[in-house]
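I have placed the structure first, in the form of structure tokens, so that the comments after it can refer back to it.
Counting from 1, the numbers follow the sequence of the chain as shown. If you're wondering where the values come from, they're calculated on a predicted model, not measured in any experiment. All values below come from the heavy atoms of this structure, side chains included, with hydrogens, waters and symmetry mates left out.
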Amino acid sequence: MDKKTYKTSIKIVILALFSLIALSFVNKKNSDEEVLKPIKVAVVFTGSGLGDKSFNDLIYDGLLRAQKELDIEFDYSEPINPEEYEESILNFAKTKDYELIIAVGPEQEKDVKAVSKLYPNQKFTLIDSQLEGKNISSIYTRWEEQAFLNGVISGLLSKNEYKKNGSISKAGVVLGMEVLHLREGAIGFEAGYKYVFPEGEVITAVVNDFRNPLKAKEISLLMYSKGVKYIQHLAGASGLGVFSAAKEAGGYAYGIDENQNNLDPSVIISTATRYINDIVFNEINHLKKSNWSSGVHYSGIREGVIDITREGSEVSLDPNIMEIVNKIKYKIINNDLSLPKTRNELDSWIKENKYID
């Protein structure tokens, strides 16, 4: 081999080595990008949409936290009509871009069930549901615990009034829709009320709409005119009408999910908080850590998901009332008190359970 040929060969070898190194760097870079690629999550909100100052807004808060702390990306849909739920879920599933699709509310059960069968490798989380599925994680709150403590406050207030003047102020519950978990919430509120004041009465009404505060206000005004003094709403954005009615009628109300006391501090006594934002964050965190699991997952007061807050309320209460409320709360935490879920259970439960000072 002459010197010229030898030098040419060396150059070819060196170029080849540089090419291999460059290719290796590019492959490593692509590999690293794949590893660092953010998890993508999609959410289909309920009909009340964002801005409900409650349920959907809390879920959005959980997504923002996951975006910041877990480096995820998310998209969402706000269907107005129930007929649009399946289309929204299906459109997300079709892309195969999302590692998790979160659906909200039992009204989306049949749609999640249908789409999950079409896409068995797609993970779904369904909130406020007990739907079983190999690729579905259903999150169900013990709704009978949700408004129970607000019911206790109402019962104690009514009991004190009865002792002073012999009159009984009724309590009420306004539901957004007639669905299982909200009905359980209404039963829980009534159980709390009658646990401390069995002589009292609780009236329940249904708006049949999560986005109609005007109708909720009309219903609430009618309830106040019939002797109701305290109303717990379980009505999404419609619940804002309950607060307005309380202000107009000189009554009182209770918030739900996100702390709503500051929406009208003069009439909102307390909020039955439910940290659904933490639930959403934890679901995504489980996904990122590869320990997300299908099945029905229950949570309530014992798990710290449900609680009560008076923060922001300007309604004055005898300190003794909240002392009693906290004692009763710890009965639930310690498994010394279980609550009814249905009307039949409630009737027998009231006979067997009575708070004794």
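- Put simply, Ile72 and Leu58 are part of the same group of oily side chains (I, L, V, M, F, W, Y) that touch within less than 4.5 Å, one to the next.
- Counting heavy atoms from C-beta on, the side chains of Ile256 and Gln232 come closer than 4.5 Å.
- By the criterion of side-chain heavy atoms lying less than 4.5 angstrom apart, applied directly or through intervening Ile, Leu, Val, Met, Phe, Trp or Tyr residues, Ile168 is not grouped with Val228; the two fall into different hydrophobic clusters.
- A distance of 4.5 Å separates CD1 in Ile301 from CG in Leu149, rounded to the nearest 0.5 Å.
- Residues Thr273 and Ile308 approach most closely at OG1-N, 3.7 Å, considering heavy atoms.
- Proximity of Arg65 to Asp278: side-chain heavy atoms (C-beta onward) are separated by under 4.5 Å at one or more points.
- Sequence neighbours left out, the pairs with a member in residues 340-349 that pass salt bridge (charged side-chain N to carboxylate O under 4.0 Å, His left out) are Glu190-Arg343.
- Every residue meeting the ring-ring contact (aromatic ring centres under 6.0 Å, His included) condition with Tyr162, not counting sequence neighbours, appears here in chain and number order: Phe197.
- With Asn334 contributing its side chain and Tyr330 its backbone, the two residues share a donor-acceptor pair below 3.5 Å.
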Could you go through Tyr298 and Glu303, starting from their C-alpha distance and side-chain angles, then the distance that decides it, and tell me whether this counts as side chain to side chain donor-acceptor pair (under 3.5 Å)?
CA-CA 9 Å; Tyr298 296 93; Glu303 292 78 13; over 6 Å; no
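- Using modelled atom types, one side-chain atom of Ser225 and one backbone atom of Leu222 make a donor-acceptor pair closer than 3.5 Å.
- From Ser293, atom OG reaches atom NE2 of His286 across 7.0 Å, with rounding to the nearest 0.5 Å.
- In this pair, Trp349 and Tyr195 present their aromatic rings tilted. The plane angle is within the 30 to 60° band.
- To the nearest 0.5 Å, the span separating CD1 on Ile231 from CD1 on Ile269 amounts to 11.0 Å.
- The shortest heavy-atom contact between Ala103 and Gln108 is CB-OE1, 3.2 Å.
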Side chains of residues 171-183: which donor-acceptor pairs under 3.5 Å do they make with residues two or more places apart or in other chains?
| from | atom 1 | to | atom 2 | distance (Å) |
| --- | --- | --- | --- | --- |
| Glu178 | OE1 | Arg183 | NE | 3.4 |
| Glu178 | OE1 | Arg183 | NH2 | 2.5 |
| Glu178 | OE2 | Arg183 | NE | 3.1 |

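- A donor-acceptor pair is defined here as one N or O able to donate and one able to accept, closer than 3.5 Å; no such pair exists between the side chain of Ser129 and the backbone of Pro106.
- At most 12 heavy atoms of other shown residues, nucleotides or ligands fall within 6.0 angstrom of atom CD in Glu311.
- Not counting sequence neighbours, the partners of Phe92 by the ring-ring contact (aromatic ring centres under 6.0 Å, His included) test are Tyr98.
- Annotation for Ile80: hydrophobic cluster partners, listed by chain and number, are none (ILVMFWY side-chain heavy atoms under 4.5 Å, direct or chained).
- For the pair Pro79/Val44, a side-chain contact is recorded, criterion being any heavy-atom separation below 4.5 Å from C-beta on.
- Two different hydrophobic clusters hold Ile276 and Tyr140 under the rule that ILVMFWY side chains link at heavy-atom gaps under 4.5 Å.
- Contact record, Val112 with Leu126: CG2-CD1, 4.1 Å, taken as the closest heavy-atom pair.
- Among residues two or more places apart in sequence or in another chain, the ring-ring contact (aromatic ring centres under 6.0 Å, His included) test is passed with Tyr224 by none.
- Among the candidates Phe243, Phe210, Phe189, the single residue satisfying the ring pair (Phe, Tyr, Trp, His ring centres under 6.0 Å) test with His233 is Phe243.
- Using a 3.5 Å distance cut-off with no hydrogens or angles, the side chains of Tyr193 and Ser158 do pair a donor with an acceptor.
- Taken together through direct or relayed side-chain contacts under 4.5 Å among Ile, Leu, Val, Met, Phe, Trp and Tyr, Phe74 and Ile284 form part of one hydrophobic cluster.
- In this structure Tyr76 satisfies the ring-ring contact (aromatic ring centres under 6.0 Å, His included) test together with Phe45, Tyr60, sequence neighbours excluded.
- Listed by chain and number, the residues in a side-chain contact (heavy atoms from CB on, under 4.5 Å) with Ala237 are Ser48, Asp52 (sequence neighbours excluded).
- The structure places CG of Leu234 at 8.5 Å from CG of Asp257, a figure rounded to the nearest 0.5 Å.
- Contact check for Ile127 versus Val280: side-chain heavy atoms found under the 4.5 Å cut-off.
- The salt bridge (charged side-chain N to carboxylate O under 4.0 Å, His left out) pairs that include a residue from residues 109-130 are Asp128-Arg274, where partners are two or more places apart or lie in different chains.
- Once rounded to the nearest 0.5 Å, the distance linking CD1 of Ile268 with OG of Ser313 reads 7.5 Å.
- Side chains of Thr342 and Ile187 form no contact here, defined as non-hydrogen atoms less than 4.5 Å apart.
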Would you sort out whether Glu184 and Gln146 count as a side chain to side chain contact (heavy atoms under 4.5 Å, CB included), showing the intermediate values?
CA-CA 9 Å; Glu184 290 177 354; Gln146 174 84 51; over 6 Å; no
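- Under the 4.5 Å side-chain criterion, counting only non-hydrogen atoms from C-beta, Lys40 is in contact with Asp75.
- Residue-environment remark: CD (Glu69) exceeds the threshold of 12 foreign heavy atoms within 6.0 Å.
- A salt bridge (charged side-chain N to carboxylate O under 4.0 Å, His left out) check over residues 314-331, counting only residues at least two apart or in different chains, returns the pairs Asp307-Lys329.
- Of all the heavy atoms in Ser154 and Tyr254, the pair that sits closest is OG-OH, 2.7 Å.
- Considering all non-hydrogen atoms of both residues, Gly255 and Asn150 come closest at O-ND2, 3.8 Å.
- With sequence neighbours excluded, the residues that form a salt bridge (Lys or Arg N to Asp or Glu O under 4.0 Å) with Asp264 are Lys247.
- Contact annotation: the side chain of Ile89 approaches that of Phe124 to within less than 4.5 Å [non-hydrogen atoms, C-beta and beyond].
- Note that CD of Glu99 and CD1 of Ile39 are 5.0 Å apart. Values are rounded to the nearest 0.5 Å.
- Among pairs with a residue in residues 218-238, those fulfilling salt bridge (charged side-chain N to carboxylate O under 4.0 Å, His left out) read Glu161-Lys229, at least two apart in sequence or across chains.
- With hydrogens and angles disregarded, no donor-acceptor distance shorter than 3.5 Å links the side chain of Asp61 to the backbone of Asp57.
- For the pairing with Ile328, the side chain to side chain contact (heavy atoms under 4.5 Å, CB included) check across Asn326, Val325, Ile324 returns one residue only, Ile324.
- Across Tyr119 and Asn135, no two heavy atoms sit closer than the pair O-ND2, 3.2 Å.
- You'll find the side chain of Ser238 stays beyond 4.5 Å of the side chain of Lys215, heavy atoms only.
- With hydrogens and angles disregarded, a donor-acceptor distance shorter than 3.5 Å links the side chain of Glu78 to the backbone of Leu50.
- Hydrophobic clustering keeps Val43 apart from Val115 (ILVMFWY residues linked when any side-chain heavy atoms are closer than 4.5 Å, directly or through intermediates).
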